[in-house]
Amino acid sequence: MSSQQNQKQQPATAADGITPRAQDYGQWYLDIVKRADLADHSSVRGCMVIKPHGYAIWEKLQRELDERFKATGHVNAYFPLFIPLSFFQKEEEHAAGFAKECAVVTHHRLKAVDGVVGVDPDSKLEEPLVVRPTSETIIWAQYKNWIQSYRDLPLLINQWANVVRWEMRTRLFLRTAEFLWQEGHTAHATEEEAREEVSRMLEVYADVAENVMGVPVVRGHKTEGERFAGALDTQSIEGMMQDGKALQMGTSHYLGQNFAKSADVKFLNKDGQLEYVHATSWGVSTRLIGALIMTHSDDNGLILPPKLAPIQVVIVPIYKTPEEQERTTAEAQAVAAELRRQGLSVKVDDREGMQPGAKYYEWERKGVPVRLEIGPRDLEKGSLCVVRRFVIEQDGESEQDLRKRKKQFLPRAEAIAGMTALMGTLQKDLLERARIQKQKKTRMIDTLEEYEEFFKGGGGFAWVHWAGTRDDEDTMAKRFETSIRCIPFADQIPEEGRGEGLCILTGKPSAQRVLMAKAY
RNA sequence: CGGGGCGUAGCGCAGACUGGUAGCGCGUUUGCUUGGGGUGCAAAAGGUCCCGGGUUCAAAUCCCGGCGCCCCGACCA
């Protein structure tokens, strides 16, 4: 709780209480989460409380994802939190993969002994229940009853749920013991169809990442070692955070017939023969909020894309006299009403006894994309002061110039009529800004010397030719703390890096480059 | 599991070495003042000093035991 000694040395600036990125990226991240009111540590180790502002962002993300799931033919359902241990044991590889991070329920009752309530030893469960770290096993036990014929396929179900993974080390949003997510679980008649589903859903994730979150991603396959436990193929989208590290933002798995076999799910095909179904699963979690923060935010606080901002426009009335207060506040309400008619979410900050500057800082910290200032002079001139939360930085630009470029005085009607368009601009600019950031930290690298130098410096995404074994991957991990984030789809490799080459480590021929980076 | 830090007002912290009326800043409430980038003044409210035991006339402070959280490392969708 009290590890922010560095706050004491901080000057009282806009970023008061936020450690600059350049000084300590990890602390900066924690400060943003806290100062933007997204989440709190709870009194349970590794668990977090998602506060209203953070949860509102999650709700918007949910809506965007859910719409796309529905549009691709999926329906929602809900399966139990508890999984009988025996279900879990059925798929060996899967069980082994999650074994080390499972919470297990062993008793079902408490009892007061000498006035102290504790676990009643007489209430031991005959079979322990695993708190789901993911739901494949319990869902497939159910699918067995739902699937008999090819007419029952494909079965396309998604669930929104919480899961528990008893991680040794946790970080707010990025890795917590309990988190919120969605998990799609589908059953198909053929491998081809299932693999199509895997790709389709990965593309849904990529679409949300780029066009909703404004985070450019690389699409690709995971290596054997990084695959989901029990999957034949794991595809992922990988984003680059501002410190150059990669963050896995979503995964989509082809599970083959593994789960169908372990749960004995067969269907009668058109030829009247019994076959095992082919399975997929795919998921994204509240980790995406971590990605959002680490991609866009700055030393002044959170930056949100308009599509995910719980408040898109905040209006601050400025006044000296009660009469001015009344007029500017009325105008603020009038402008808000007009903007709401465009479907925008608008907040009028009419709190009294708080200076405008204090309000500016607060809403900046919370990431509101646009602020309108309305003062007596605007009433006279019929203008509005429109301030953007961010603009795309130019090299060598001063803080002052940056601030100037964010601020615009526009005729009232023009400002209002253009607000929806401005949201669109900001949405695009944010993605563009993230692309520039990413590009600056991306290199085609062909020698180990250059590779080492790259990661000793700022690091980032390294596109390298690779033909190594799993042992060779370990070598790279030990030497450079990097790993293969994905084996990208061919069109994901930057043009200048396409084609064949020689493995950076072994010198053997390589068909294409892979994405190497340090990872969260 | 190893290393480190911390637990005192809503939040951030001081006080502890050297035991003796529970403190500061921010926030909150009230009043005035101020208001285009964190106004200023005054007054007020607010405490199980993490828990248990011990030493003592007296414990936030010393001793013993416990609990919890955070950070770093190992581990990992």
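Within every chain, numbering begins at 1; the chains are lettered A, B, ... in the order of the sequence lines, protein sequences first and strands thereafter.
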Taking side chain to side chain donor-acceptor pair (under 3.5 Å) as the definition, give me every residue that meets it alongside [X], ordered by chain and number, with sequence neighbours left out.
{"X": "A:Thr286", "result": "none"}
{"X": "A:Trp181", "result": "A:Glu183"}
{"X": "A:Glu473", "result": "none"}
{"X": "A:Arg405", "result": "A:Glu397"}

Exercise. Has the side chain of A:Glu364 got a donor or acceptor that lies under 3.5 Å from a partner of the other kind on the base of B:G37?
Worked result: yes
Exercise. Any N or O donor-acceptor pair linking the side chain of A:Tyr319 to the base of B:G35 at under 3.5 Å?
Worked result: yes
Exercise. Considering residues at least two apart in sequence or located in another chain, which fulfil the side chain to side chain contact (heavy atoms under 4.5 Å, CB included) criterion with A:Asp378?
Worked result: A:Ser383, A:Phe409
Problem set entry | For A:Leu110, side chain to side chain contact (heavy atoms under 4.5 Å, CB included) partners two or more places apart |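 So A:Leu110 forms a side chain to side chain contact (heavy atoms under 4.5 Å, CB included) with A:Val117, A:Val119.
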For this session: Just grab all the side-chain hydrogen bond (donor to acceptor under 3.5 Å, both in side chains) pairs involving residues 89-98 of chain A, residues at least two apart or on different chains.
Result: none
Problem set entry | Summary of side-chain hydrogen bond (donor to acceptor under 3.5 Å, both in side chains) pairs that have at least one residue in residues 232-245 of chain A, sequence neighbours excluded |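 Non-adjacent pairs meeting side-chain hydrogen bond (donor to acceptor under 3.5 Å, both in side chains): A:Arg21-A:Gln242, A:His221-A:Asp233, A:Lys222-A:Glu238, A:Asp233-A:Gln235, A:Thr234-A:His253, A:Ser236-A:Glu238, A:Asp243-A:Tyr520.
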Identify each atom pair where a protein N or O and an N or O of nucleotides 2-4 of chain B are less than 3.5 Å apart, giving names and distance.
none

Problem set entry | Qualifying residues under salt bridge (Lys or Arg N to Asp or Glu O under 4.0 Å), relative to A:Asp349, sequence neighbours excluded | A:Arg351, A:Lys359
Between protein and nucleotides 46-52 of chain B, what N or O pairs are separated by less than 3.5 Å?
none

Report, one pair per line, the protein and nucleotides 73-76 of chain B atoms (nitrogen or oxygen only) whose separation is under 3.5 Å.
| residue | atom | partner | partner atom | Å |
| --- | --- | --- | --- | --- |
| B:G73 | OP2 | A:Arg169 | NH1 | 2.5 |
| B:G73 | OP2 | A:Arg169 | NH2 | 3.3 |
| B:C76 | O2' | A:Glu101 | OE2 | 3.4 |
| B:C76 | O2 | A:Arg175 | NE | 3.2 |
| B:C76 | O2 | A:Arg175 | NH2 | 3.1 |

